[in-house]
Every structure is written in C-alpha cells, then in structure tokens.
**Student:** 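Quick one: the structure is below, questions incoming.
All ligand and atom numbering here is 1-based and tracks the order in the structure. Reckoned from all heavy atoms, side chains included, excluding hydrogens, waters and symmetry mates. Note that the structure is predicted; figures quoted are calculated from it, not measured.
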Amino acid sequence: MLPKIEDYEQFVGKEVIEKIKDLAVKLEDKHVVNVNSTYSGGGVAEILNSMVVLMNRLGIKTDWRLLKGTHSFFDVTKKFHNGLQGEKVSFTEKDKRIYLDELERNSLMHHFREHDLVFIHDPQPLGLIKFNVRKKQPWIWRGHLEINHANKKVWSFLKDFAKQYDGAVFSMKKYLKRDLHIPQIIVPPSIDPLSMKNKKISNSFAKKLISKEGISLNKPIITQVSRFDKWKNPLGVIQIFKKVRAKIDAQLVLMGDMASDDPEGPKIYSKVVKQAEKMKDVHIITNKDDLLVNALQSESHVVIQNSKREGFGLVVTEALWKGTPVVATKAGGIPLQVIPKKTGALIDNSTEASDWCVKLIKNDKLRERMGINAREHIRKNFLITRQLYDNLHIIDTYTTSVADDVIKAARELKRMLIR
Ligand code: UDP
C-alpha cells in the first residue's frame, strides 16, 4: 500500500503533518512537473520516487518526465557532471552541439503549457529552457551536485541557461552561486522512512537477505553502497579495507548499481572487480535491490562513504537512519550528517578511516550510542516531510498570486457561512 501523509505522523508528530496538509489544500489546483534523466540509480530518482507520489496523494498534480538521450548525449552530460564537480574536462564545440540538438528534440516531445511550475533537475535537462522561450510559468533549476568547485569553462556554458530560470534550489549554502543573478534557495535532500529501502525490517529477515548473497553472518561487515563512479572512490574503499584486515577479521561489501545516465559506470566497475579479485572477503553486488540495501545498511557494523565529491550523500542519510555509524570523507553534504564522535567519523585519509572502522567494530557500546544519535539527527532534519514542506512552500511562493489568496479566502468564508 502506498503511504499517505498521515502515516508519517509516527516520525514527526501531528503538528508537522497538519502544516503540510494546510499548505497542500492551498495548492490543490496547481499542476507541477519535474524533469530529470533517469528513473533509477542515484539520489535524484530516489527522492522523486517518493516525493511525486506524496504530492499527488496530497492533491497537487505532479508529473515526472524523463529526458530522452543518446549515448553521446549522456557522454557529454557526464562531462558536465564531472566539470561541475571540479574536474578538468575537455569540452568541445561538438559536445555543445550534441547537447543542444538533443535538448531541442526533447523540447518538441514535452509541452509544459498546462503546468504552473517546472522543476528541472541537474545539468542534463538544464538547457531545455533555451527552447521554451515563450514559457508560460516559472522554471526552477534544482541542482543536486557539489558545484562549489565547478570548472570555469563548463559552468560558464551552463550558466547561460541557468540565468534564464526564475530561481535555483541547492542542497546547501556553499553551493549558492554568486555569479548567478536569480533567486537561490537552500533545500537539503531527504529520505522516505516508509520506502522499501528505509522502512524497519526485522534483524532475522535482514540477515536472511544478506546471507543469500554469500556474505557471512559471523564476521563484521563494512559496507559502501554507491554507484560505481570515480567520485565515490570505491578503489579507495578497498585500500581502507586492506588496512582494516591487517588488524581484524572483517568483510567488505561494495554494492552499486549502474545509472542509465552514467556511461562511466561499467569502466569503474571492472577496475573494482580486478582489485577485489586479489583479496579475500570482498563482496561486490550489482543487483538493483532496495531491500538488500536496507538490510546491508541495517546490519553492517560500519558504513563507509569514501567520496571525493558528494552533492549530499543520501546513502549516508539512509545508513544513519538505520542507526549505523558512518565513517566518511568531508565531501559535499556529508558533514551536515556525520557529526564527529556523535553519529560517526569524518576522515581525511585511509589510515584514519581504517582506524575508525576498527574502533567501531570492536566497541559495541560506542556503535550503539552513535546509532541512537544518528537516527535522531536524521529524524529531526532529513526526513521527506521536511523537504515536502519546503517544496510546497516554493510552489506557493512562485505560483500563488495575491488574487488567488483573496479568492481562496472568500471561498473559505462562504464555506464557513454555509456551515
Ligand atoms: N543506490 C541503490 N543501489 C545501489 C547504489 C545506490 O539503491 O546499488 C541508491 C542509494 O540507496 C541512494 C541513491 O542511490 O538512495 C544514491 O544517492 P546519493 O545521494 O548517495 O548519491 P548519487 O548517486 O545521487 O550521487
């Protein structure tokens, strides 16, 4: 059964739910649309999966459209992705042509006439605005990447599109762009505590799922769940694990699926497999399986997130929510979530990482204490109800005119008088 908004009361209380419902009533005649480039793989798809359903259940018509793209289009947009995260990429006139041609084709397939607001996610569909010059509604660019180190050439190309938007939303303050002269709003991402990936499952069921993958239940488990992407640094995780193994017996699980809009995945994956083959007790899992992610994040002694860049890091949120301490780098949004010595450890190198893994594996009490703090930190700050309210607030700000408010108030008054 799909969850309803009232089902979230158990996590955030009645007042929060009432606030969401009140705002949703005000927006019930609105129609919004989200555009991104994949239905699965990565945090954006993860959030939309829950958000779009919840918004529709609240009575706000919310569509989710996908960008259609060729391999060469996604090769170019991965260059944008890498460039925005600070890599020096070779980016040619031909690349620009490929990007714009594909977006022009897409703009002929998607019409936004009836929508009150358009949310465009990440760089892949960003340039669509160029082909919607007579747009009828506000357009918001929702950036999810760690863009504060952006490569100048890539950003200057993309900024020409971004500046045509009516607003931009980023996950944290340091991503706001000084040279982008449009309103910019901060909305951190969130997880859905009732999704398959995050709902409470029993220990025995979790253990059953894990052992089906050939993972022993008698040795501590260290896990990283992430797409096979160089920014997630899975090869570095293997190095950390080597150092852990020099001190204690443990197993490493690297779970990662491939996103259809990420052409680099298979290359990174085969490098990881080559390294892992040289070692004992490294398990690599590529199944797309939300329950298995849930089980691993719940049952691992430690979850690692060894990212070099990280927009926010929903995998960190997910693990903390399950009461599992996280040992992670300081990339992007991770320090908003991992509070040193409270919910996990922030590390600068592989030695610090392995030392923390060993310490946590050996100390049940420490793990338990951090786990309690971790779940509470996520409950307070990073559950979907908070992001849902923020989104409704943006829709309200951008689409409700004073005239709308007056009409609504008059209707409400009439309703009260009839009663
Ligand atoms: N994910 C998954 N299976 C995998 C790898 C990742 O379901 O094998 C999910 C993960 O649970 C999380 C999302 O993909 O919900 C990744 O989001 P995050 O913000 O951590 O990173 P992104 O991939 O967006 O850079």
**Student:** Using a 4.0 Å cut-off to any heavy atom of Gly313, which atoms of ligand 1 qualify?
**Tutor:**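 Near Gly313, meaning under 4.0 Å from one of its heavy atoms, ligand 1 has 19 (O), 20 (O).
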
**Student:** Between Glu368 and Lys365, does any NZ, NE, NH1 or NH2 come within less than 4.0 Å of an OD or OE carboxylate oxygen?
**Tutor:**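 Not counted as a salt bridge, because no side-chain N and carboxylate O are separated by less than 4.0 Å.
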
**Student:** Do me a favour and list the nearest non-hydrogen protein atom to atom 16 (C) of ligand 1 with residue, atom name and distance?
**Tutor:**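 Closest protein heavy atom to atom 16 (C) of ligand 1: Gly43 N, 3.6 Å.
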
**Student:** In the structure I gave you, are the side-chain heavy atoms of Gln305 and Ile334 within less than 4.5 Å of one another anywhere?
**Tutor:** yes

**Student:** Are the charged groups of Lys288 and Asp257 less than 4.0 angstrom apart, N to O?
**Tutor:**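 Salt bridge: yes.
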
**Student:** Identify, for atom 3 (N) of ligand 1, the protein heavy atom at the shortest distance, and state residue, atom and that distance.
**Tutor:**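 That would be Asp257 OD2, 3.6 Å.
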
**Student:** Is the His121 ring parallel, tilted or perpendicular to the His144 ring (thresholds 30°, 60°)?
**Tutor:**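 Aromatic pair His121/His144 classed parallel.
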
**Student:** Could you identify the single nearest non-hydrogen protein atom to atom 14 (O) of ligand 1 and state the distance to 0.1 Å?
**Tutor:**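 Looking only at protein heavy atoms, the one closest to atom 14 (O) of ligand 1 is Gly42 N, 3.6 Å.
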
**Student:** Mind checking whether Lys197 contacts ligand 1 via backbone (N, CA, C, O), side chain (CB onward), both or neither, at a 4.0 Å heavy-atom cut-off?
**Tutor:**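 Side chain only.
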
**Student:** How long is the span from the OH atom in Tyr8 to the CD1 atom in Ile384, to the nearest 0.5 Å?
**Tutor:** 6.0 Å

**Student:** Answer yes or no: is there a donor N or O on one side and an acceptor on the other, between the side chain of Glu146 and the main chain of Gln85, under 3.5 Å?
**Tutor:**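 Here the side-chain-to-backbone pair does not exist.
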
**Student:** Short N/O distance, under 3.5 Å, between Val44 and ligand 1?
**Tutor:** no

**Student:** Which one of His81, Glu146, Met255, Arg227 has a non-hydrogen atom at the shortest distance from atom 23 (O) of ligand 1?
**Tutor:** Arg227

**Student:** Going by the rule side chain to side chain contact (heavy atoms under 4.5 Å, CB included), which residues pair with Lys308 if we only count those two or more places apart in sequence or in a different chain?
**Tutor:** Trp231, Asn233

**Student:** Nearest heavy atom to atom 20 (O) of ligand 1 wins, so pick from Asn198, Thr317, Leu314.
**Tutor:**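 Considering heavy atoms of Asn198, Thr317, Leu314, the nearest to atom 20 (O) of ligand 1 sits in Leu314.
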
**Student:** Looking only at distance, does Asn287 have an N or O less than 3.5 Å from an N or O of ligand 1?
**Tutor:** no

**Student:** Short N/O distance, under 3.5 Å, between Val225 and ligand 1?
**Tutor:**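 No: no nitrogen or oxygen of Val225 is under 3.5 Å from one in ligand 1.
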
**Student:** Which protein heavy atom lies closest to atom 12 (C) of ligand 1, and at what distance to 0.1 Å?
**Tutor:**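 Of the protein heavy atoms, Glu318 OE2, 3.3 Å lies nearest.
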
**Student:** Side chains of Glu264 and Asn82: do they bring a donor and an acceptor to under 3.5 Å?
**Tutor:**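 Yes, Asn82 and Glu264 have a side-chain donor paired with an acceptor closer than 3.5 Å.
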
**Student:** Check whether any side-chain heavy atom of Trp321 sits under 4.5 Å from a side-chain heavy atom of Phe382, and report yes or no.
**Tutor:**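 No, too far: nothing below the 4.5 Å cut-off.
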
**Student:** For ligand 1, is there an N or O atom under 3.5 Å from any N or O atom of Gln297?
**Tutor:** no

**Student:** Heavy atom of Glu310 under 4.0 Å from ligand 1?
**Tutor:**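 Glu310: in contact with ligand 1 (<4.0 Å).
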
**Student:** Enumerate the atoms of ligand 1 whose separation from the nearest heavy atom of Lys232 is less than 4.0 angstrom.
**Tutor:**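 Per the distance check, 21 (O), 22 (P), 23 (O), 25 (O).
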
**Student:** Pull out every atom of ligand 1 sitting under 4.0 Å from any heavy atom of Val315, numbered as shown with elements.
**Tutor:**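 Under 4.0 Å from Val315, ligand 1 has these atoms: 10 (C), 11 (O), 12 (C), 20 (O).
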
**Student:** Any salt bridge between Asp355 and Lys247, counting N to O under 4.0 Å?
**Tutor:** yes

**Student:** Is there a polar contact, in the sense of an N or O pair closer than 3.5 Å, between Val293 and ligand 1?
**Tutor:**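 Between Val293 and ligand 1 (N or O atoms, distance only) the closest approach is not under 3.5 Å.
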
